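Following: one structure in structure tokens, then a few remarks.
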There are 2 protein chains.
Amino acid sequence: MLKISELSEKTGLSAHTLRYYEKHGLINASNRSEAGYRFYTDSDVRRVQFVKTARNTGFSLEDIGQLLSIRVDKLSHSCQEVTDITRKKLVEVNAKLTELQSMQQTLELLLESCCGGPENATHCSIMEALDAGLLLDKKIAARTEQGGAAK
Amino acid sequence: MLKISELSEKTGLSAHTLRYYEKHGLINASNRSEAGYRFYTDSDVRRVQFVKTARNTGFSLEDIGQLLSIRVDKLSHSCQEVTDITRKKLVEVNAKLTELQSMQQTLELLLESCCGGPENATHCSIMEALDAGLLLDKKIAARTEQGGAAK
DNA sequence: TATAAGCTTAGAGTTAACTCTAAGGTCAAC
DNA sequence: GTTGACCTTAGAGTTAACTCTAAGCTTATA
């Protein structure tokens, strides 16, 4: 039986966060001392670790709530329910990835295009590009590749 | 001279958002009607478009504030200041990308490992993996590659 | 037994970037 | 001259997931 500080140490989640998860119905302390102190069983600990793992995998607390309700009654739930949740999350992650990759590419292009030196920014190509609404993709690509097959 | 609804249409930013940007010092309407209606000049429009482009590129409103203060007085600022802001943002984007790619890989692995069928979740490998703290990377990789060079 | 560390709760604060509401003034058209 | 669409402001609400605070018990240690 662990106290909250011990569980905190064991899981790397703060006591605040553990109480927050409890308030939101994700976890619980099976026992309390007479004074009201939380005491966690091994089973509680495993549940908390499940939550942490799911969290690290990108699931929202809401997703995790669903996963947990499957977890406690696996017989009443199907693999499909689990994969539905997982696939939905993957779709979200992929969407974000696409967005970030586009940003990454733009930022790299911008950095390539600018001298980055101590001269004043009058002709800074980053500023120009942002002013031009980033049609610079083409400009810079042309400048950089000097012969690429533009669309 | 555009009214706010016209600028909204032109830029795709809502009137609410435009006022929000104004409140936060990013943009301004050069003129107001007697009744207090905002009127935007071409120069105002270009500034708003700059903000929008920068926003799409991933810059925070705070970053954009800095970029804008460079933009209005390029002589007093260096290319290096611009690249510093840009590079900082790229570092952030790269960090997020790494995190998301890891999630993506995990989620894909999880989906590969589970049948996703209508059978109950008693032996669902996704649930098992989350329970096991995802040491499954190895399990699944082994199962999938059936002969890969594990570390 | 006294102090300090740790526990409890309810509830407020944080962050970023909006998004919306309320209450009221303005303007163009019929 | 009266709709109805549009504008104004100040300020509250939204979202997710914490994070922190205050006020007050409890427990372990010296």
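It should be emphasised that the depicted structure is a prediction, and the values quoted were computed from it without experimental measurement. Here is the naming used below: chain letters follow the sequence lines, and residue numbers restart at 1 for every chain.
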Rounded distance in Å - [atom1] ([X]) to [atom2] ([N]):
X: A:R19; N: D:dT21; atom1: CZ; atom2: P; result: 14 Å
X: B:F59; N: C:dC18; atom1: CZ; atom2: C1'; result: 20 Å
X: B:M1; N: D:dC7; atom1: CE; atom2: P; result: 15 Å
X: B:H16; N: D:dA12; atom1: NE2; atom2: C1'; result: 13 Å
X: B:Y20; N: C:dT15; atom1: OH; atom2: C1'; result: 10 Å
X: B:E92; N: C:dT15; atom1: CD; atom2: C1'; result: 14 Å
X: B:I4; N: D:dA5; atom1: CD1; atom2: P; result: 19 Å
X: B:R38; N: C:dT26; atom1: CZ; atom2: P; result: 15 Å

For D:dC7 and B:S5 - does any side-chain N or O of the residue sit under 4.0 Å from the phosphate oxygens OP1/OP2?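 B:S5 to D:dC7 OP1/OP2: side-chain N or O found under 4.0 Å.
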Can you tell me if the side-chain N/O atoms of A:Y21 get under 4.0 Å from OP1 or OP2 in D:dC18?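 Indeed, a polar side-chain atom of A:Y21 lies that close.
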Quiz question: by atom type and distance under 3.5 Å, do the side chains of A:S8 and A:S5 form a donor-acceptor pair?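 Distance-only check fails for A:S8 and A:S5.
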How would you label the contact of B:F39 with the nucleic acid (heavy atoms, under 4.0 Å): base, sugar-phosphate, or nothing?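 Contact class for B:F39: none.
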More than 12 heavy atoms of other residues, nucleotides or ligands under 6.0 Å from NZ of A:K88: is that the case? yes
Does a distance-only test, which skips hydrogens and angles, find a donor-acceptor pair under 3.5 Å between the side chain of B:Y37 and the base of D:dC6?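 When only heavy-atom distances are counted, B:Y37 does reach the base of D:dC6 through a donor-acceptor pair under 3.5 Å.
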If you pin A:S60 and B:E6 to their nearest nucleotides in DNA chain D, which one's is more 5'?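 Per heavy-atom nearest nucleotide, the more 5' residue is B:E6.
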Can you tell me which nucleotide in C:dT9, C:dT19, D:dT9 comes closest to the side chain of B:R32? D:dT9
Test item: B:R55 side-chain N/O and B:F59 main-chain N/O as donor-acceptor pair under 3.5 Å: yes
5' precedence on DNA chain C between B:E34 and B:E62 (nearest-nucleotide basis): B:E62
Find out whether the Lys NZ or Arg CZ of B:R32 is both under 6.0 angstrom from the six-membered ring centre of B:F39 and within 45° of the ring's axis.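 Judged by the rule, B:R32 and B:F39 form no cation-pi pair.
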Could you walk me through whether B:H16 and B:Y20 satisfy the ring-ring contact (aromatic ring centres under 6.0 Å, His included) test, starting with their C-alpha distance in whole Å, then the side-chain angles of each, then the deciding distance to 0.1 Å, before giving a yes or no? CA-CA 6 Å; B:H16 278 306; B:Y20 174 81; over 10 Å; no
